[in-house]
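Counting starts at 1 for both ligands and their atoms, in listed order. Just so we're clear, the structure is a prediction, and the values are computed from it rather than from any experiment.
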Amino acid sequence: MRSRLVAGNWKMHGSLAANQRLLDGLKSGLKASDGAQYTVCVPYPYLSQAQSCLSGTPIAWGAQNLSEHAQGAFTGEVSGAMLRDFGCRHVLVGHSERRALYGETDKQVAAKFQAAQGAGLIPILCVGESLQERESGVTEIVVGRQLAAVLDSSGVGALVNAVIAYEPVWAIGTGRTATPQQAQAVHAFIRGVVGRQDAKLAAGLSILYGGSVKAGNAKELFAMPDIDGGLIGGAALVVEDFVAICDAARSA
Ligand code: PEP
C-alpha cells in the first residue's frame, strides 16, 4: 500500500507568534496514524521553531526550496545539509512559484532534486502545467518534460526516496480546483511514465495533488486511485482546515 502524505506549504507567511498557535493546534489535532503522514514546509527562519515544536510528534517539517550547490559563495542560498541540521525531512523542489517567479529551469530543478537527496532529504518534486498549456492540450507534454529532467539526471531509482506533487498552476491559490477526474488523469499519466521504467516502483510512488485543496474537496480528490495525498497552500495556515484535510487523507 502506498503511503499517504499531506504536506503544508506555508509559502512566505507566518510570524513566531502565529506559527506557535498553528503548530500547537496541529500538535493537538493530528495524531500518529498508519493511514497518513503529515509535514509542514515552513520559511527558513522558522525551521528552528518547527524543530523545537514538532520533535517527537507525528508531524514532520521541511523547507520550500534549497540550493543545488552543497556550499560556497552563493549569497542568500541555503544548502540541503543546512536543512538537515534543523531536522528537515522534506523539501519542496520546483514549486511553480519558483519556476515562474524565479526562473528555475527543469535542469536547475533536477539539480536541486539531486542535492536534496544527497543531503538525506526527501524531495517533493512539483510538476504542473499553466492554464494556457492546459487549454492548448499540452499538459502531458509539459508534465512529461518536467519529470524527464529528473528521471534523466537522477535515474528512476531515485524516486524510491521522493514524492511527486502534481500542481496545475491554474489551480494554485486561485480557488479553482482541478476536478478529481482531471487530477486523476494526470496522476495516472505520471505513474505510467514512471511505470514504463520501473513498474514496481511506480506502484509504490506517492503522488500528491496540489491546487486549492480545501476541507470541503479533499475527500473526493483523495478517493481517486492515483492520488495519495495533497500539497496544501492556503488551507495549511488554518488549523481546522489542515486537520480536516489530514483526516480526509487518513480515511480515504
Ligand atoms: C501550493 O502552494 O502548493 C498550493 C497548492 O497552494 P493552494 O493550496 O493555496 O492552492
Side-chain angles (χ1 to χ4, degrees), residues 4-14 18-19 22 26 36-44 46 50 60-66 88-102 104 109 112-113 116 121-131 133-134 139 142-143 146-147 150 162-180 182-184 186-187 190 206-222 224 226-249 252:
R4 289 181 174 273
L5 175 68
V6 180
N9 173 14
W10 289 9
K11 310 196 189 199
M12 199 174 74
H13 293 292
N19 302 345
L22 181 50
L26 297 183
Q37 296 172 357
Y38 331 107
T39 193
V40 289
C41 296
V42 309
Y44 294 139
Y46 301 126
W61 60 95
Q64 302 166 18
N65 184 29
L66 83 166
C88 289
R89 182 166 165 79
H90 300 98
V91 63
L92 303 182
V93 170
H95 190 279
S96 65
E97 286 154 16
R98 302 285 330 160
R99 294 180 191 260
L101 303 175
Y102 300 98
E104 288 191 9
V109 170
K112 288 184 177 210
F113 180 97
L121 296 157
I122 298 174
I124 301 177
L125 171 67
C126 305
V127 296
E129 81 289 0
S130 66
L131 184 58
E133 289 163 340
R134 172 158 285 262
T139 296
V142 171
V143 171
Q146 292 169 336
L147 205 52
V150 169
V163 173
I164 293 179
Y166 167 59
E167 297 208 301
V169 179
W170 47 272
I172 298 179
T174 58
R176 185 176 165 187
T177 319
T179 64
Q182 282 174 320
Q184 165 60 26
V186 182
H187 281 233
I190 292 170
S206 292
I207 308 176
L208 314 183
Y209 168 77
S212 298
V213 177
K214 308 282 176 219
N217 60 22
K219 210 176 164 78
E220 53 175 1
L221 284 160
F222 298 164
M224 301 311 281
D226 288 294
I227 300 184
D228 308 309
L231 177 54
I232 318 298
L237 299 171
V238 181
V239 173
E240 298 71 27
D241 292 352
F242 194 68
V243 168
I245 292 168
C246 291
D247 287 346

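Note: Y166 and H187 have perpendicular aromatic rings, judged against thresholds of 30 and 60 degrees for the angle between ring planes.
Once rounded to the nearest 0.5 Å, the distance linking SG of C126 with CG of N9 reads 7.5 Å. A distance of 11.0 Å separates OG in S130 from CH2 in W170, rounded to the nearest 0.5 Å. To the nearest 0.5 angstrom, E129 atom CD is 8.5 Å from Q146 atom CD. Going from atom CD of E220 over to atom OG1 of T177 covers 8.5 Å, rounded to the nearest 0.5 Å. The distance from atom CG of L221 to atom NZ of K214, rounded to the nearest 0.5 Å, is 12.0 Å.
Ligand 1 has no atom lying under 4.0 Å from any heavy atom of A235. The shell of residues lying under 4.0 angstrom from ligand 1, judged by heavy atoms, includes A171.
The shortest distance between side-chain heavy atoms of Y38 and L26 does not fall below 4.5 Å.
Ligand 1 places these atoms under 4.0 Å from at least one heavy atom of S212: 7 (P), 8 (O), 10 (O). Close contacts between ligand 1 and G173 involve ligand atoms 7 (P), 9 (O), 10 (O) [criterion: under 4.0 Å to a heavy atom]. The contact set between ligand 1 and G211, taken as ligand atoms under 4.0 Å from a residue heavy atom, comprises 5 (C), 10 (O).
Taking atom 1 (C) of ligand 1 as the reference point, the nearest protein heavy-atom neighbour is H95 NE2, 3.3 Å. The protein non-hydrogen atom at the shortest distance from atom 2 (O) of ligand 1 is K11 CE, 2.6 Å. The shortest contact between atom 8 (O) of ligand 1 and any protein heavy atom is with G233 N, 2.8 Å. The protein atom (non-hydrogen) at minimum distance from atom 9 (O) of ligand 1 is G234 N, 2.9 Å.
Residue L125 forms a side-chain contact (heavy atoms from CB on, under 4.5 Å) with just one option from I207, V150, V163, and that option is V150.
Residue-level proximity to ligand 1 for A236 is absent, since no heavy atom of it falls below 4.0 angstrom. Of all the heavy atoms of I172, the ones lying under 4.0 Å from any atom of ligand 1 are found in both the backbone and the side chain. At a heavy-atom distance under 4.0 Å, no atom of E97 approaches ligand 1.
Considering each of K214, R176, E167, Q64, the one bringing a non-hydrogen atom nearest atom 3 (O) of ligand 1 is E167.
Side-chain atoms of E167 do not come within 3.5 Å of backbone N or O of G128 as any donor-acceptor pair.
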